[in-house]
Amino acid sequence: MAPSMAPSPAAPAAGRAADAPDVVDVFYAAYNRGNVEAASGLYLCDGWHEEAHNGTRRQGREALREGLERFFGFITEAHWQVRERIDSGPRVAVVYTLTGRLGVDLRGAPTRGLPIELRGIHLFDLADGAIAGTRDYWDPAEFQRQISGAGARVGMTA
């Protein structure tokens, strides 16, 4: 009888030992706790994160940590809901929905506390059980739509 060519559902992702935690799952758990140290520690020492909409790139754990600290001040109560995941060797694509509240006022408007919901895609490059880099794709026009006219809406949200 020939061996099955289909991967076992219990098989670890490429490059990961069977008993090692899934770094992508750990990444979202750290993000959802707002744990900057745990999240930035998942990257290689020279790991990077890029915002695809504007090309902003942070490289190295210190820059990643600083970027996450700013982010968690900007979007409070941030939570990523994984909608779909596709593993392809050392690359992983994750479709997510991010929810949270603005932690700041923008453009002189009282936007602090405004609920935000954005759909996006994280692309992960993995190496040696860690994250070599991530790219984050989301729609800045959708963000702008949500904050436009925020002054009238903030007081009406719970």
Side-chain angles (χ1 to χ4, degrees), residues 1-104 106 112 114-147:
M1 177 179 240
S4 170
M5 297 299 283
S8 163
R16 187 168 61 90
D19 59 346
D22 181 274
V23 71
V24 174
D25 290 343
V26 174
F27 171 90
Y28 285 109
Y31 263 42
N32 285 335
R33 289 190 317 272
N35 189 329
V36 170
E37 294 301 324
S40 59
L42 295 170
Y43 287 81
L44 296 173
C45 289
D46 63 346
W48 51 270
H49 175 80
E50 183 177 299
E51 291 294 333
H53 75 281
N54 66 10
T56 301
R57 187 176 182 127
R58 291 179 296 285
Q59 186 151 3
R61 285 186 185 149
E62 182 63 21
L64 293 166
R65 187 185 59 72
E66 290 171 2
L68 283 170
E69 285 175 348
R70 280 190 304 273
F71 176 82
F72 287 124
F74 186 73
I75 302 283
T76 63
E77 303 173 31
H79 179 81
W80 285 260
Q81 176 66 47
V82 173
R83 300 292 178 195
E84 185 176 356
R85 175 178 170 158
I86 301 168
D87 291 75
S88 182
R91 297 228 166 89
V92 176
V94 173
V95 177
Y96 66 81
T97 300
L98 167 64
T99 56
R101 295 187 175 275
L102 278 179
V104 297
L106 297 174
R112 186 183 313 264
L114 180 71
I116 296 295
E117 181 174 313
L118 294 170
R119 292 175 298 156
I121 299 172
H122 273 134
L123 298 181
F124 293 81
D125 289 340
L126 306 177
D128 302 323
I131 301 170
T134 50
R135 277 186 193 84
D136 194 5
Y137 294 83
W138 54 276
D139 184 358
E142 175 58 26
F143 177 77
Q144 293 301 320
R145 278 189 289 278
Q146 291 183 39
I147 66 169

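These numbers come from the heavy atoms of this one structure, side chains and all, not from hydrogens, waters or symmetry mates. Please read all numbers here as calculations on a predicted model, not as lab measurements.
- Below 30°, between 30° and 60°, or above 60°: for Trp80 and Phe71 the angle between ring planes is between 30° and 60°, a tilted geometry.
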May I have the list of side-chain donor-acceptor pairs in residues 36-47 shorter than 3.5 Å, sequence neighbours left out?
unit_1	atom_1	unit_2	atom_2	d
Ser40	OG	Val36	O	2.9
Ser40	OG	Glu37	O	3.4
Tyr43	OH	Thr134	OG1	2.7

Show every donor-acceptor pair shorter than 3.5 Å between a side-chain atom in residues 118-125 and any protein atom, with sequence neighbours excluded, or say none if there are none.
unit_1	atom_1	unit_2	atom_2	d
His122	ND1	Tyr28	OH	2.7
Asp125	OD1	Arg91	NE	2.6

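- Legend: residues meeting salt bridge (Lys or Arg N to Asp or Glu O under 4.0 Å) with Arg83, ordered by chain and number and at least two apart, are absent.
- Remark: the backbone N or O of Ala130 is not paired with any side-chain donor or acceptor of Asp128 at under 3.5 angstrom.
- A side chain to side chain donor-acceptor pair (under 3.5 Å) check over residues 66-76, counting only residues at least two apart or in different chains, returns the pairs Arg65-Glu69.
- Judged by distance alone, with hydrogens and angles left aside, the side-chain atoms of Gln146 form a donor-acceptor pair with the main-chain N or O of Glu117 at under 3.5 Å.
- With Arg112 contributing its side chain and Gly103 its backbone, the two residues share a donor-acceptor pair below 3.5 Å.
- For the residue pair Tyr137 and Tyr96, the shortest heavy atom distance occurs at O-OH, 3.9 Å.
- Scored by the salt bridge (Lys or Arg N to Asp or Glu O under 4.0 Å) test, Asp136 finds no partners at all (sequence neighbours excluded).
- Between Leu126 and Ile131, the closest side-chain pair of non-hydrogen atoms falls below 4.5 Å.
- Annotation: salt bridge (Lys or Arg N to Asp or Glu O under 4.0 Å) contacts of Glu142 (sequence neighbours excluded): Arg145.
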Please report the C-alpha distance between Ile86 and Val95 in whole Å, then the side-chain angles of each, then the deciding distance to 0.1 Å, and finally whether the side-chain contact (heavy atoms from CB on, under 4.5 Å) criterion is met. CA-CA 9 Å; Ile86 301 168; Val95 177; over 6 Å; no

**Check against side-chain contact (heavy atoms from CB on, under 4.5 Å), Trp138 and Leu98** = CA-CA 10 Å; Trp138 54 276; Leu98 167 64; over 6 Å; no

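- Atom-to-atom distance recorded for Gln59:CD and His49:NE2 is 12.5 Å, nearest 0.5 angstrom.
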